Amino acid sequence: MTEKPLDDFFEKFLNKESVFSNKRILESKYTPETVPHRDEQIKQIANILAPCLKLDKPSNLFIYGKTGTGKTLSVKCTTNKIKEMADLRGIPVCIIYINCKLKRIADTEYRLIAEFAKNLGKEIPATGLPTQEVYNLFYKELDSKEQLVILVLDEIDQIKKAGNLILYNLTRINQGLQKSQVSIIGISNDLTFADNLDARVKSSLSEEELIFPSYNAIQLQEILRDRADQAFRKESIEVGVIEKCAAYAAREHGDARRALELLRVAGDIADRGGGNRVKIEHIDEAEFKIEKDRVLDIVSSQPKQFQATLFSIISIYSQRKGMIFTGEVYELYKGICSKIGIIPLTQRRLSDIIAELDMLGIITAKVISKGRYGRTREIDLAIPHGTIGKINNILLKALELKEGD
DNA sequence: CCTCCACCGGAAAGCCGGGTCA
DNA sequence: TGACCCGGCTTTCCGGTGGAGG
């Protein structure tokens, strides 16, 4: 055992220059000073919210736009500024930002309201109380002093059922308050979100509406270049890399977050490969890696029943090509359950699991009719081919199965 | 044109594990 | 301690249905 090779390795590692000069700039939690191509939207948000500096209640605002179009960033930018101004002048404005997507934090009625109260400085037990009681505590805390509260509900479409009820309660909140006033800003990725909303909720929630259009490839390029200039060392990006990154992201719907992630991962790959420049091929690799990591992550964190279901699907898939239907998946799944000693779920439930796997983007499941031969889901794997083997291994291990079914 | 398959998918209810409160 | 609450997962029940084949 000689230590030389390791010494060399670390030596090299230390001497080698990274393509990054400041990688943090590309990370998703980084909040830039300005939001390019969103001046118009920011101005409008500012316009709508401005009255709060005079302690007048601003209109409720609803913002639509697909992922990575700068909604959250723009709102945060504006509200931060307002908060700053208000604090400077001693105006009692309170801004509460909550992301409704956070699992186990703010994705149900109880938890959301509890989270609001917590932000106002009132701790509420994570469970146990009647929901009405949580509301009462929240209202009381809210009305304990004169103030103007702006509730920002990000990814509002993620609230599990009863979303209607929550929003209904929130929109009429002002009626029960003596001292304080509340405005709501809702942010949604889903452009159809308001369609299935109670008419009363809809009209009061969207007193003002704002739509964030997707970025096009040119705009994405500018955004990327702007950040890349700060994040990478000079001359460490080959010509065409930015363009390709932007093109990839624009191909979907102009998701800037995705584009930045792509660039960052490509930089990592370049670093690891020992080169000192980010090349165009690195973008392809990065795309593959991101997708692979995502799928691997999901698959290994899924409950056993999901894994068994997916395993059944992959087994059928690898035995023969062609369409896979719910019925046959269920048959195989039952066999697997008895083999690994878990109690099989009903077909009704399995049907839901298949639908959920579809939502996760691991499979595609489309309801079709085979005429005389009934209605069912047509299932197909949606994972990159190169990773199927690896996923199968993960599943085998997770289910404690031996090779060969 | 009608039938009838093999499921889909909504509704309701049960169970369980997390918790509070008096 | 027992009554009660929430939320996630699951079962039970059951009406609904697109379209190939008769």
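Letters go in sequence order (proteins before strands), and every chain restarts at 1. The figures that follow rest on heavy atoms only: side chains count, while hydrogens, waters and symmetry mates do not. Just so it is clear, the model here is predicted, and its values are computed rather than measured.
Within the 3.5 Å criterion, the main-chain N or O of A/V182 finds a donor-acceptor partner in the side chain of A/N174. Side-chain atoms of A/K366 do not come within 3.5 Å of backbone N or O of A/I379 as any donor-acceptor pair. Checking side-chain atoms of A/D380 against main-chain N and O of A/I324 turns up no donor-acceptor pair under 3.5 Å.
Evaluation of the ring pair (Phe, Tyr, Trp, His ring centres under 6.0 Å) rule for A/Y64 yields A/F62 as partners, not counting sequence neighbours. Not counting sequence neighbours, A/Y248 has no partner by the ring pair (Phe, Tyr, Trp, His ring centres under 6.0 Å) test.
In summary, contact between chain A and DNA chain C, defined as any nucleotide atom under 4.0 Å from a heavy atom of the protein, begins and ends at C/dC5 to C/dG21 in the 5' to 3' direction.
Using a 4.0 Å cut-off on heavy atoms, the residues of residues 118-135 of chain A that approach DNA chain B are A/P125, A/T127, A/G128, A/L129, listed by number.
Among the candidates A/D154, A/N119, A/N80, the single residue satisfying the side chain to side chain donor-acceptor pair (under 3.5 Å) test with A/Y97 is A/D154.
Donor-acceptor pairing under 3.5 Å is recorded for the side chains of A/H253 and A/T67. Residues A/R227 and A/Q230 bring no donor and acceptor atom of their side chains to less than 3.5 Å of each other.
Residues A/S183 and A/L151 form no side-chain contact, since every pair of their non-hydrogen atoms from C-beta on lies 4.5 Å or further apart. Residues A/T69 and A/R38 are in side-chain contact: their nearest non-hydrogen atoms beyond the backbone lie under 4.5 Å apart.
A salt bridge does not link A/R377 to A/D358: none of the charged nitrogens lies less than 4.0 Å from a carboxylate oxygen.
Axis orientation changes by 20° from one end of the helix from B/dC1-C/dG22 to B/dA22-C/dT1 to the other, with each end axis drawn from 5 pairs and the value rounded to 10°.
Annotation: A/K101, atom NZ; neighbour count of heavy atoms from other residues, nucleotides and ligands within 6.0 Å does not exceed 12.
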Please list each protein N or O that sits under 3.5 Å from an N or O in nucleotides 6-9 of chain B, with the distance.
{"from": "B/dA6", "atom 1": "N3", "to": "A/R375", "atom 2": "N", "distance (Å)": "3.1"}
{"from": "B/dC7", "atom 1": "O5'", "to": "A/G327", "atom 2": "N", "distance (Å)": "3.3"}
{"from": "B/dC7", "atom 1": "O4'", "to": "A/R375", "atom 2": "O", "distance (Å)": "3.3"}
{"from": "B/dC8", "atom 1": "OP1", "to": "A/T326", "atom 2": "OG1", "distance (Å)": "2.7"}
{"from": "B/dC8", "atom 1": "OP1", "to": "A/R377", "atom 2": "NH1", "distance (Å)": "3.1"}
{"from": "B/dC8", "atom 1": "OP2", "to": "A/S351", "atom 2": "OG", "distance (Å)": "3.3"}
{"from": "B/dG9", "atom 1": "OP2", "to": "A/R377", "atom 2": "NH2", "distance (Å)": "2.4"}
{"from": "B/dG9", "atom 1": "N7", "to": "A/R348", "atom 2": "NE", "distance (Å)": "3.1"}

